[in-house]
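Reviewing the structure listed below.
Throughout, protein chains are lettered first and strands after them, A, B, ... in sequence-line order, and every chain is numbered starting at 1. We use all heavy atoms of the structure for the numbers below, so side chains are in, but hydrogens, waters and symmetry mates are not.
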Protein chains: 2
Amino acid sequence: MQDDAALESQSMQLMVADGLRARIIAGELETGVGLSEIALASEYGVSRTPVREALKQLQTEGLVQIRPRVGTFVSTPTRADIVELFQMKEILEGAAARLFAARGEIPELEALRSNVVASDAAVARDDVDGYAALVGDFHDLIVRGSGNRKLRTHYTMLMNQLAYPRLVATSLSRPGRLVESDAEHGRVLAIIVSKDESTAERLMREHVRASQEALLGAMTFPGETGMAR
Amino acid sequence: MQDDAALESQSMQLMVADGLRARIIAGELETGVGLSEIALASEYGVSRTPVREALKQLQTEGLVQIRPRVGTFVSTPTRADIVELFQMKEILEGAAARLFAARGEIPELEALRSNVVASDAAVARDDVDGYAALVGDFHDLIVRGSGNRKLRTHYTMLMNQLAYPRLVATSLSRPGRLVESDAEHGRVLAIIVSKDESTAERLMREHVRASQEALLGAMTFPGETGMAR
DNA sequence: CCGCGTCATCTTGCATGCAAGTGACCCTAG
DNA sequence: CTAGGGTCACTTGCATGCAAGATGACGCGG
């Protein structure tokens, strides 16, 4: 129920898909909730057809689950899924850091420097929300800096399944994790600058794992993750 | 082709999607060729709707490209795409080998042993086609043995984009590569058995890279690899 | 009171019709 | 012969109607 009427330059199904994806990631649509085609159609002011195609795409992206003749639901990752997603995060970000380190001076490196500077400042003034946003940018920069678009595409897809952005703040709620995280970012940057590929991968993986452990420690588990119904 | 009419237990769109995917991977449908919805519809004996949904899925899988109001075409990977896909192959298989090594005695390990035995035999009798098939199984077993289903899902998606199965035979055409490849498989197996995670990852990555180099050396390049545009 | 069978309703799957845009071909003029 | 313009056929995007299946409720019988 929003600004559809205005920017209708692109296809309806893309609008619906993007809108739905954003809402799912943001947690606006809770996991397990039913998505009626007809309801979404009237909500977006289109017919069922583009809604169906959008849902189909979100299904192959792993965000929704279509049960034939029953209904479409926001995917509810199992605990095993979450573990697997975290593994993938570690693998892909580690590999990205390695590739990044091998590339030398690229635009993303300068952006990464700025990010770390800004992060230090945010930590200094204890701006958790600001830092959380910078963390998102940091990891995205790492992945972009790999120079491998497929890696980035699939990384994004996987992180969407985790609704990752919402988790960052949680992981930072752990006492001491904020400054620790910031320090790790600085070390990763330094080692990328030094073009030490292997160490870059190792440091990045360690950083990702540390974040995950902080998160898991601060997390009330799936089904009830601050997602009350 | 009306073999479909018999086993229509599952959805039409799934049938179409699977059929098309298989044909694309097998190289039956060359890259760049146009896929008319209406033509496919009559070919599969269904209406345009399920065909459209199948194509939409194949698009998000990266196998076809839908140009609005123009047509749908089998994706034509650029050279950069291929490089990226190979990088991903190395990353994911390396990571899979590491995870595999950490898991110890699992069914996939026994299957892997059988595979290596069969591969040795195939090489001994110079059965290239047989060995090529076993190579496919070997790599799939490695990925399955990671125990990470997301890894396998995305790995499969990426390899589909490469139409990888067709490439294996090509890479083995290089003189000496056959026995070399087989020996590498044996070493990978041995190190997984020994549960040396880091070495498993390294060996696997080296093996993947060696295969790629053999392939690139034996390959008349995109544009003329049976991949006309 | 409890269990079971039937039915109504809601869901998606598929077929079809229409609209709009694109690209190619042909025809014409210079 | 070449360049330009205009038309036409073909493409996908979207809307709608119908059918089949699944789910849950309701009522009946034990």
Side-chain angles (χ1 to χ4, degrees), chain A residues 1 4-21 24 29-76 229, chain B residues 1-21 24 29-76 229:
Chain A
M1 35 153 52
D4 319 321
L7 43 148
E8 304 223 0
S9 51
Q10 46 186 4
S11 70
M12 308 306 264
Q13 54 176 300
L14 200 90
M15 264 185 34
V16 176
D18 289 348
L20 241 47
R21 190 186 300 109
I24 292 174
L29 295 171
E30 300 174 9
T31 67
V33 75
L35 299 173
S36 163
E37 292 178 1
I38 188 169
L40 290 173
S42 71
E43 184 177 340
Y44 281 89
V46 297
S47 81
R48 279 181 50 210
T49 306
V51 171
R52 276 183 65 76
E53 307 198 342
L55 288 175
K56 186 107 187 73
Q57 172 164 356
L58 293 182
Q59 181 187 39
T60 78
E61 289 180 15
L63 289 180
V64 308
Q65 182 178 359
I66 301 176
R67 292 177 27 192
R69 312 283 182 182
V70 177
T72 303
F73 307 87
V74 179
S75 290
T76 303
R229 25 205 334 162
Chain B
M1 24 189 69
Q2 56 277 37
D3 49 322
D4 320 318
L7 44 149
E8 304 222 359
S9 52
Q10 46 184 4
S11 70
M12 307 306 263
Q13 54 177 298
L14 199 88
M15 266 185 33
V16 176
D18 289 348
L20 240 47
R21 189 186 301 109
I24 293 174
L29 294 171
E30 297 176 9
T31 67
V33 74
L35 299 173
S36 163
E37 293 179 2
I38 187 168
L40 291 172
S42 71
E43 184 177 339
Y44 282 88
V46 296
S47 80
R48 279 181 51 211
T49 307
V51 170
R52 277 182 64 76
E53 307 198 343
L55 289 175
K56 185 105 187 81
Q57 173 165 355
L58 294 180
Q59 181 187 38
T60 78
E61 289 180 14
L63 288 179
V64 309
Q65 182 179 0
I66 301 176
R67 292 177 26 193
R69 311 283 181 182
V70 177
T72 303
F73 308 87
V74 179
S75 289
T76 304
R229 39 186 346 158

Protein-nucleotide distance (B:Leu55, atom CG; D:dT11, atom P), rounded to Å: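 In whole Å, D:dT11 P and B:Leu55 CG are 13 Å from each other.
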Calculate the interatomic distance between B:Gln65 atom CD and D:dT11 atom C1'; express it in whole Å.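 Spelled out: CD on B:Gln65 to C1' on D:dT11 is 15 Å.
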Give each protein N/O atom lying under 3.5 Å from an N/O atom of nucleotides 19-21 of chain D, with the pair distance.
| from | atom 1 | to | atom 2 | distance (Å) |
| --- | --- | --- | --- | --- |
| D:dA20 | N3 | A:Arg69 | NH1 | 3.0 |

More than 12 heavy atoms from other groups under 6.0 Å of CD1 on A:Ile38: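 At most 12 heavy atoms, drawn from other residues, nucleotides or ligands, come within 6.0 Å of this atom.
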Closest-nucleotide 5' rank along DNA chain D - winner of A:Thr49 and B:Glu37: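 Nearest nucleotide further toward 5': that of B:Glu37.
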Hey, could you give me the [atom1]/[atom2] distance between [X] and [Y], rounded to the nearest 0.5 Å?
| X | Y | atom1 | atom2 | result |
| --- | --- | --- | --- | --- |
| B:Leu58 | B:Thr72 | CG | OG1 | 10.0 Å |
| A:Leu20 | A:Leu63 | CG | CG | 9.0 Å |
| B:Leu55 | B:Gln13 | CG | CD | 11.0 Å |
| B:Lys56 | A:Glu53 | NZ | CD | 6.5 Å |
| B:Thr60 | A:Gln59 | OG1 | CD | 9.5 Å |

Side chain to side chain donor-acceptor pair (under 3.5 Å) contacts in which one or both residues fall within residues 61-71 of chain B, not counting sequence neighbours: B:Arg21-B:Glu61, B:Gln57-B:Glu61
Base, sugar-phosphate or nothing for B:Leu35? Non-hydrogen atoms, less than 4.0 Å.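 The residue B:Leu35 makes sugar-phosphate contact but no base contact.
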Would you grab the first and last nucleotide of DNA chain C (5' to 3') that comes under 4.0 Å of any non-hydrogen atom in chain A?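 Span of nucleotides near chain A: C:dT11 to C:dG13.
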Do A:Val16 and A:Leu40 come within less than 4.5 Å of each other through their side chains, counting heavy atoms only? no
